[in-house]
Enquirer: 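Take this structure, written in structure tokens, and hold onto it; I'll ask about it next.
Since we're looking at a predicted model, the values are computed, not measured. The analysis underlying the following values was restricted to heavy atoms, covering all of them including side chains, and did not include hydrogens, waters or symmetry mates.
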Amino acid sequence: MAMQTAAPTLIGSVQRALRLLEAVASHADGAPAKQLARETGLPLPTTYHLLRTLTHEGYLVRDKGAFYLGEAAARLAGGGAVQNRRTKIEDSLAHWRDEIGVPVYFALYREGEIELVSVADTPNSPAVEEWADFRETGHAHAIGQCLLSQLDLRSRQDHLDRHPVESITPYTVRNRQVLLDRLAGLGRMEPLVERQEYALGTVCAAIPITVGSTAATLAISLPLHQEERLLPAVERLRTEIGSLFSSLAFSISI
């Protein structure tokens with residue numbers, strides 16, 4: 001005897017509220033309660049009750065008898081847009097990883113901190129393990145150095161006041177002044193190359209990009225014994241970024 005699958009438990013009030021939100025969203029100029037009740041097939045008292053609740057919670061706004069989507073609903077839509085952008089970023093990184101054959105990293109400098117947004121790697125070409133917090137060791141890895149290079153001197157100084165230069169490996173930059181001199185000497189479009197400063201046996205390169213007014217970077221890493229591939233790979237990444245410009249979810253320029 002075949003087993004019957006239990007019907008899912010649905011909450012009717014939630015379904016009705018969502019139908020109302022969809023109905024309101026279909027009217028750019030707003031709609032009154034009676035019209036919304038007709039369109040959704042809900043009793044008018046139920047419609048009024050749900051509209052009051054949705055308005056109280058900020059999902060709707062009432063003005064001159066008409067209901068419009070409120071800020072809370074806009075935040076939901078914005079959250080979907082953010083997720084869509086993140087998905088497109090991840091897809092782009094995966095494309096570059098496969099085309100170039102190296103792990104690819106995307107990071108931002110946001111609210112005074114280094115934020116590693118996404119990484120694309122494979123079991124055969126793994127990303128560098130974050131054995132020391134990337135946010136606190138920006139002086140020691142290509143991602144952090146590239147982001148710091150895009151800041152003004154005051155912002156760099158502030159960051160290093162909060163996250164001082166310290167030795168991570170025997171190859172880490174020796175002190176704050178050496179780091180500042182290195183960053184000041186970089187050309188605007190020049191890739192930043194780091195050799196074993198964060199992780200022994202690893203070389204990395206990062207290129208500066210612009211996401212609106214936010215400092216950002218795309219970076220790659222390779223085992224030390226494949227160092228000869230590093231610069232050709234990062235130059236290939238530049239080319240790939242240009243060819244995929246139109247598919248990116250963020251404004252990007254090198």
Enquirer: Pairs in or reaching into residues 153-181: which pass ring pair (Phe, Tyr, Trp, His ring centres under 6.0 Å), with residues at least two apart or in two chains?
Expert: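 Matches after skipping sequence neighbours: Tyr109-His159, His159-His163.
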Enquirer: Taking the side chain as C-beta and beyond, is there a heavy-atom pair between Leu69 and Val61 under 4.5 Å?
Expert: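 In short, these two side chains do not touch, never coming nearer than 4.5 Å.
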Enquirer: What I want to check is whether the side chains of Gln177 and Asp181 have a donor and an acceptor closer together than 3.5 Å.
Expert: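 The answer is yes; a qualifying pair exists.
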Enquirer: If you measure from the Lys or Arg side-chain nitrogens to the Asp or Glu carboxylate oxygens, is any gap between Arg135 and Glu115 under 4.0 Å?
Expert: no
Enquirer: For Ser221, which of Cys204, Ser125, Pro126 qualifies under side-chain contact (heavy atoms from CB on, under 4.5 Å)?
Expert: Cys204
Enquirer: As a test of understanding, state which of Val117, Leu93, Val128 forms a side-chain contact (heavy atoms from CB on, under 4.5 Å) with Tyr105.
Expert: Val128
Enquirer: Might you work through the side-chain contact (heavy atoms from CB on, under 4.5 Å) test for Thr202 and Leu224, ending with a clear yes or no?
Expert: CA-CA 5 Å; Thr202 302; Leu224 180 61; over 6 Å; no
Enquirer: Say you draw a straight line from OG of Ser26 to CG of Leu36; how long is it, rounded to the nearest 0.5 Å?
Expert: 7.5 Å
Enquirer: Between Trp131 and Tyr198, what is the ring plane arrangement, given parallel below 30°, perpendicular above 60°, and tilted in between?
Expert: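 Rings of Trp131 and Tyr198: tilted, 30 to 60°.
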Enquirer: At what distance, to the nearest 0.5 angstrom, does CG of Leu222 lie from CG of Leu231?
Expert: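 Separation between the atoms: 10.0 Å.
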Enquirer: Is Glu197 salt-bridged to Arg182, cutoff N-O under 4.0 Å?
Expert: yes
Enquirer: As a quick check of understanding, evaluate salt bridge (Lys or Arg N to Asp or Glu O under 4.0 Å) for Glu136 and Arg162, giving each step before the final call.
Expert: CA-CA 8 Å; Glu136 298 179 3; Arg162 291 180 288 110; over 6 Å; no
Enquirer: Could you tell me whether the side chain of Ser149 reaches within less than 4.5 Å of the side chain of Leu186, counting heavy atoms only?
Expert: yes
Enquirer: Give me the atom names and distance for the closest heavy-atom approach of Leu147 to Ile114.
Expert: CD1-CG2, 3.9 Å
Enquirer: Hey, is the main chain of Leu179 close enough, under 3.5 Å, to the side chain of His139 for a donor-acceptor pair?
Expert: no
Enquirer: Distance check, rounded to the nearest 0.5 Å: Leu180 atom CG versus Leu160 atom CG?
Expert: 6.0 Å
Enquirer: Verify side-chain hydrogen bond (donor to acceptor under 3.5 Å, both in side chains) between Thr53 and Tyr59, making sure each step is shown before the conclusion.
Expert: CA-CA 9 Å; Thr53 302; Tyr59 290 96; over 6 Å; no
Enquirer: May I ask you to decide whether Arg19 forms a salt bridge with Glu22, counting only side-chain N to carboxylate O separations under 4.0 Å?
Expert: no
Enquirer: Does some side-chain heavy atom of Leu60 sit less than 4.5 Å from a side-chain heavy atom of Leu21?
Expert: yes
Enquirer: Decide yes or no on side-chain contact (heavy atoms from CB on, under 4.5 Å) for Arg62 and Arg52, but give the supporting numbers first.
Expert: CA-CA 9 Å; Arg62 185 178 184 180; Arg52 282 196 300 269; over 6 Å; no
Enquirer: How far apart are the closest heavy atoms of Thr172 and Thr169, and which atoms are they?
Expert: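 Looks like OG1-N, 2.8 Å.
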Enquirer: Kindly check if the number of other-residue, nucleotide or ligand heavy atoms within 6.0 Å of CD (Glu228) is above 12?
Expert: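 Yes, the 6.0 Å shell around CD holds more than 12 heavy atoms from other groups.
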Enquirer: Contact between Arg174 and Ser167 at the side-chain level, heavy atoms closer than 4.5 Å - yes or no?
Expert: no
Enquirer: Checking the side chain of Arg176 only, and the main-chain atoms of Pro164 only, is there a donor and an acceptor separated by less than 3.5 Å?
Expert: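 No.
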Enquirer: Which atoms form the tightest heavy-atom contact between Ala233 and Ile220, and what is the distance?
Expert: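 Taking Ala233 first and Ile220 second, the nearest heavy atoms are CB-CD1, 3.5 Å.
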Enquirer: Between Ile89 and Leu108, is there a shared hydrophobic cluster once you connect ILVMFWY residues whose side-chain heavy atoms come closer than 4.5 Å?
Expert: yes
Enquirer: Verify, without hydrogens or angle tests, whether Ser118 (side chain) and Glu90 (backbone) share a donor-acceptor contact under 3.5 angstrom.
Expert: no
Enquirer: Roughly how far apart are Tyr48 OH and Leu42 CG, rounded to 0.5 Å?
Expert: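 So the OH of Tyr48 and the CG of Leu42 are separated by 13.0 Å.
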Enquirer: For Arg195 and Val203, indicate whether the former's side chain and the latter's backbone hold a donor-acceptor pair under 3.5 Å.
Expert: no
Enquirer: Look at Asp158 together with Arg154 and state whether they make a salt bridge at an N to O cut-off of under 4.0 Å.
Expert: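 No, Asp158 and Arg154 are not salt-bridged.
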Enquirer: Looking only at non-hydrogen atoms, find the nearest pair between Leu192 and Cys146 and report the distance.
Expert: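 So the minimum-distance heavy-atom pair works out to CD1-N, 3.8 Å.
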Enquirer: If you group Ile, Leu, Val, Met, Phe, Trp and Tyr by side-chain heavy-atom gaps below 4.5 Å, do Ile100 and Val119 land in one group?
Expert: no
Enquirer: Run the side-chain contact (heavy atoms from CB on, under 4.5 Å) check on Val102 and Leu237 step by step: do they pass?
Expert: CA-CA 10 Å; Val102 296; Leu237 181 59; over 6 Å; no
Enquirer: Any donor-acceptor pair under 3.5 Å linking the side chain of Thr137 with the backbone of Ala140?
Expert: no
Enquirer: Leu218, Val193: one ILVMFWY side-chain cluster at the under-4.5 Å cut-off?
Expert: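 Same hydrophobic cluster.
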Enquirer: Check Ala219 against Ile143 and note the closest heavy-atom contact, atom names and distance.
Expert: CB-CG1, 3.6 Å
Enquirer: Quick one: do Val234 and Leu183 end up in the same hydrophobic cluster if we chain Ile, Leu, Val, Met, Phe, Trp and Tyr together by side-chain heavy atoms under 4.5 Å apart?
Expert: no
Enquirer: Decide yes or no on side-chain contact (heavy atoms from CB on, under 4.5 Å) for Gln35 and His27, but give the supporting numbers first.
Expert: CA-CA 11 Å; Gln35 181 180 351; His27 296 282; 3.1 Å; yes
Enquirer: Distance check, rounded to the nearest 0.5 Å: Leu18 atom CG versus Leu54 atom CG?
Expert: 8.5 Å
Enquirer: For the hydrophobic clusters of this structure (ILVMFWY residues joined by side-chain heavy atoms under 4.5 Å, transitively), does one cluster hold both Leu151 and Ile207?
Expert: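 The answer is no; the residues belong to distinct hydrophobic clusters.
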Enquirer: If I compare all heavy atoms of Ala66 with all of Gly30, which pair ends up nearest, and what's the gap?
Expert: CB-C, 4.2 Å
Enquirer: Just by distance, with hydrogens left out, do His141 and Glu130 show a side-chain donor and acceptor under 3.5 Å apart?
Expert: no
Enquirer: Using modelled atom types only, decide if a donor and an acceptor are shared between the side chain of Thr47 and the backbone of Pro43 within a distance under 3.5 Å.
Expert: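 Such a contact is found between Thr47 side chain and Pro43 backbone.
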Enquirer: If you round to the nearest 0.5 Å, how far is CZ of Arg156 from CG of Asp161?
Expert: 14.0 Å
